[in-house]
Student: 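Okay, here's the structure, questions in a sec.
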Amino acid sequence: MVQVAVLGYGTVGSGVVEVIEKNQQEISKRAGSEINVKYVLDLRDFPGDPIQEKVVHDADIILNDASVDVICETMGGIEPAYTFTKKALMSGKSVCTSNKELVAAHGPELIRIAKENNCNYLFEASVGGGIPIIRPLNNALTAERIDCVMGILNGTTNYILTKMEREGADFDEVLKEAQALGYAERNPEADVEGYDACRKIAILSSLVYGENVKYESIYTEGITKITPADFAYAKQMNKTIKLIGISCNNEDGKFAMVAPRMIGTESPLNCVQDVFNGILVHSNMLGDSMYYGRGAGKLPTASAVVGDVVDCVRNLGKHIGCIWDAKDAVLSDIGAFKQQYFVRAEGDAAARKAEVEGAFGEVSVVECPAVSGEFAFVTGKMSEDAYKAAAAKVSGIRSMIRM
Ligand code: HSE
């Protein structure tokens, strides 16, 4: 029997206990050994809960218990999760986590410590919740050269954008509803400003490049400025608007970015709706592959954590390779990243098209009867720097969304 401890009995931690209990037979068979939750660390007590007898308030009880082989860290945040994780790995206990903040901030160091101590630091649940994406990047796609990963990596913002599209509603109105339903946090900043998606694309980029992509170096824009008028234009163009984390390695360099984008029906990301996540990987032999499912929530996220526990149990005393060096990846300046832009400007298309084309080169005007007093156009493919230089020459630009 393998003894497991769960750090944090919140949504994901309680889900881990539930998954291990409900799927005990399947999990034991696949792990090759029965898995038992010996401890649950939490500041609180849970009277009446079957785990109450297992609750401890002192992490050292777990860290000093030689019978515990695997720890599920579902606390979130940097501290004390960082300190507990390091101590656990240094004593040869594997750690499985859903904690994207910690993985994005200290992933390479924790993987190295795990390697030095013949154990594992696994983090499938840190990106895309229950969707397998870390394991495909580490295992299934190792024969590929990956040139682009782009995805809807945040369920809260995808829920908000989907509802804005369906109901023609304002961002603020939908955010309030999402908060009332528990789909958005009371402090929604990390989701709506794109910080959560930024950490997730930093993790995916690091695995693709095998070097450390610092989340602080990723240009990040959230969804707070998206309006019903933007969706009206998107509909005219047979597109929708999604918050996309993108990491590309092309002839212009290596780029990573989080921003809202107009996504057409030709992309499988177009139909990823509500709280679902979707990650599209493009690689040179396979072409496109898509990973889709529930990117958040108790049981989907817990399932990914427990899947990692099974891997740890199968590999007790042995480090599973994961290439994520501490060396910082050199990302190119985002100013050189090329794409098309959807732009809204004051005035009338007929009167201003020549002026706009004088700055941007050829553009296509987007007619949208639902929006008055302005016009919109789509540029050709151009770099961020070229876009900024052109936009500075045109007066009355109201907004821009990348395509
Ligand atoms: N707030 C996150 C989301 C939770 O909405 O996707 C999962 O990481």
Side-chain angles (χ1 to χ4, degrees), residues 8 10-16 19 72-78 81 96-105 107 122-135 137 149-164 171 174-207 215 218 220-224 226 241-246 258-261 269 272-280 291-308:
T11 307
V12 181
S14 59
V16 165
V19 170
C72 302
E73 187 271 293
T74 51
M75 310 175 86
I78 302 291
C96 308
T97 190
S98 55
N99 187 340
K100 63 235 162 184
E101 291 96 340
L102 186 57
V103 177
L122 302 186
F123 44 90
E124 181 60 72
S126 66
V127 181
I131 308 171
I133 179 62
I134 304 295
R135 207 165 269 106
L137 291 177
V149 176
M150 65 185 289
I152 295 163
L153 301 169
N154 182 270
T156 303
T157 46
N158 206 42
Y159 173 85
I160 292 172
L161 292 173
T162 304
K163 223 163 152 57
M164 284 178 74
F171 170 78
V174 178
L175 173 62
K176 275 192 196 119
E177 280 176 45
Q179 285 171 314
L181 289 166
Y183 289 138
E185 306 275 349
R186 255 188 307 152
N187 178 357
E189 200 188 11
D191 292 318
V192 300
E193 296 294 356
Y195 307 149
D196 175 79
C198 170
R199 278 156 181 79
K200 292 168 177 169
I201 198 68
I203 295 170
L204 297 182
S205 306
S206 299
L207 294 176
Y215 68 86
I218 297 180
T220 300
E221 230 177 71
I223 62 162
T224 54
I226 302 296
I241 302 166
K242 300 289 186 192
L243 182 66
I244 300 288
I246 190 167
V258 174
R261 285 181 185 271
L269 293 174
V272 176
Q273 298 198 326
D274 298 308
V275 295
F276 281 82
N277 284 193
I279 301 138
L280 186 60
Y291 307 84
Y292 168 84
R294 290 193 180 274
K298 178 176 173 169
L299 294 177
T301 309
S303 168
V305 175
V306 178
D308 280 347

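Read the numbers this way: they start at 1 and go in the same order the structure lists the ligands and their atoms.
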Student: Classify the contact between N154 and ligand 1 as side chain, backbone, both or neither, using a heavy-atom distance cut-off of under 4.0 Å.
Tutor: both
Student: For C72 and V16, work out which heavy atoms get closest and say how close.
Tutor: SG-CG1, 3.9 Å
Student: Look only at interatomic distance and state if K100 has a nitrogen or oxygen under 3.5 Å from any nitrogen or oxygen of ligand 1.
Tutor: yes
Student: Are any of the heavy atoms in G295 under 4.0 Å away from ligand 1?
Tutor: yes
Student: So K242 and N158, side chain to side chain donor-acceptor pair (under 3.5 Å) or not? Walk me through it.
Tutor: CA-CA 7 Å; K242 300 289 186 192; N158 206 42; 3.2 Å; yes
Student: Considering only NZ, NE, NH1 and NH2 on the basic side and carboxylate oxygens on the acidic side, decide whether D274 and K163 come within less than 4.0 Å.
Tutor: no
Student: Report the nearest protein non-hydrogen atom to atom 6 (O) of ligand 1: residue, atom name, distance rounded to 0.1 Å.
Tutor: G155 N, 2.8 Å
Student: Could you tell me whether the side chain of D196 reaches within less than 4.5 Å of the side chain of K100, counting heavy atoms only?
Tutor: yes
Student: Counting from 1, what ligand 1 atoms have a heavy atom of A296 closer than 4.0 Å?
Tutor: 4 (C), 7 (C)
Student: Once you restrict to heavy atoms under 4.0 Å, what part of K200 touches ligand 1? Side chain, backbone, both or neither.
Tutor: side chain
Student: I'd like to check I244 versus I201 (side-chain heavy atoms, cut-off strictly below 4.5 Å). Are they in contact?
Tutor: no
Student: Among protein heavy atoms, which lies nearest atom 1 (N) of ligand 1, and at what distance?
Tutor: D191 OD1, 2.9 Å
Student: Who's the nearest protein heavy-atom neighbour of atom 5 (O) of ligand 1, and how far?
Tutor: T156 OG1, 2.7 Å
Student: Do the rings of F276 and Y292 sit parallel, tilted or perpendicular, given the 30° and 60° boundaries?
Tutor: parallel
